[in-house]
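What follows is a set of notes on a single structure, which appears directly below.
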Amino acid sequence: MDLCNPAELRPLLERHGFSFSKSLGQNFLIDGRVPGKIAANCAPVSAQDAMLPSVLEIGPGAGALTAALARRF
């Protein structure tokens, strides 16, 4: 599933009872290239860092950035 594609994401969110509102400041990534670019610009994780939480994503939304970060780290 493409979490950046509103046509795919909207039915999934509705099916699970999620409702988001731009008026509350909730915005979603709809350009599928952006999450990968953000993740690519994050600092690499070393073996020592693996024991500590090294990535913190605030307000993960529907998970497009979370998925890109998980693939990177």
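These numbers come from the heavy atoms of this one structure, side chains and all, not from hydrogens, waters or symmetry mates. All of these numbers come straight from a predicted model, not from anything done at the bench.
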Practice task
Give the intermediate values and the outcome of side-chain contact (heavy atoms from CB on, under 4.5 Å) for residues Ser19 and Leu13.
Solution key: CA-CA 7 Å; Ser19 61; Leu13 296 175; over 6 Å; no
Can I get a per-line list of side-chain donor-acceptor pairs under 3.5 Å for residues 30-39, giving both atom names and the distance, sequence neighbours left out?
{"from": "Asp31", "atom 1": "OD1", "to": "Arg33", "atom 2": "N", "distance (Å)": "3.0"}
{"from": "Asp31", "atom 1": "OD1", "to": "Arg33", "atom 2": "NE", "distance (Å)": "3.0"}
{"from": "Asp31", "atom 1": "OD2", "to": "Arg33", "atom 2": "NH2", "distance (Å)": "2.9"}

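Atoms CG and SG, on Leu65 and Cys42 in that order, are 7.5 Å from each other to the nearest 0.5 Å. Taking CG of Leu3 as the start and CG of Leu12 as the end, the distance is 7.5 Å to the nearest 0.5 Å.
When the side chain to side chain donor-acceptor pair (under 3.5 Å) test is applied to Ser23, the partners found at least two apart in sequence or on another chain are Ser21.
Within the structure, salt bridge (charged side-chain N to carboxylate O under 4.0 Å, His left out) contacts touching residues 2-12 (residues at least two apart or in different chains) do not occur.
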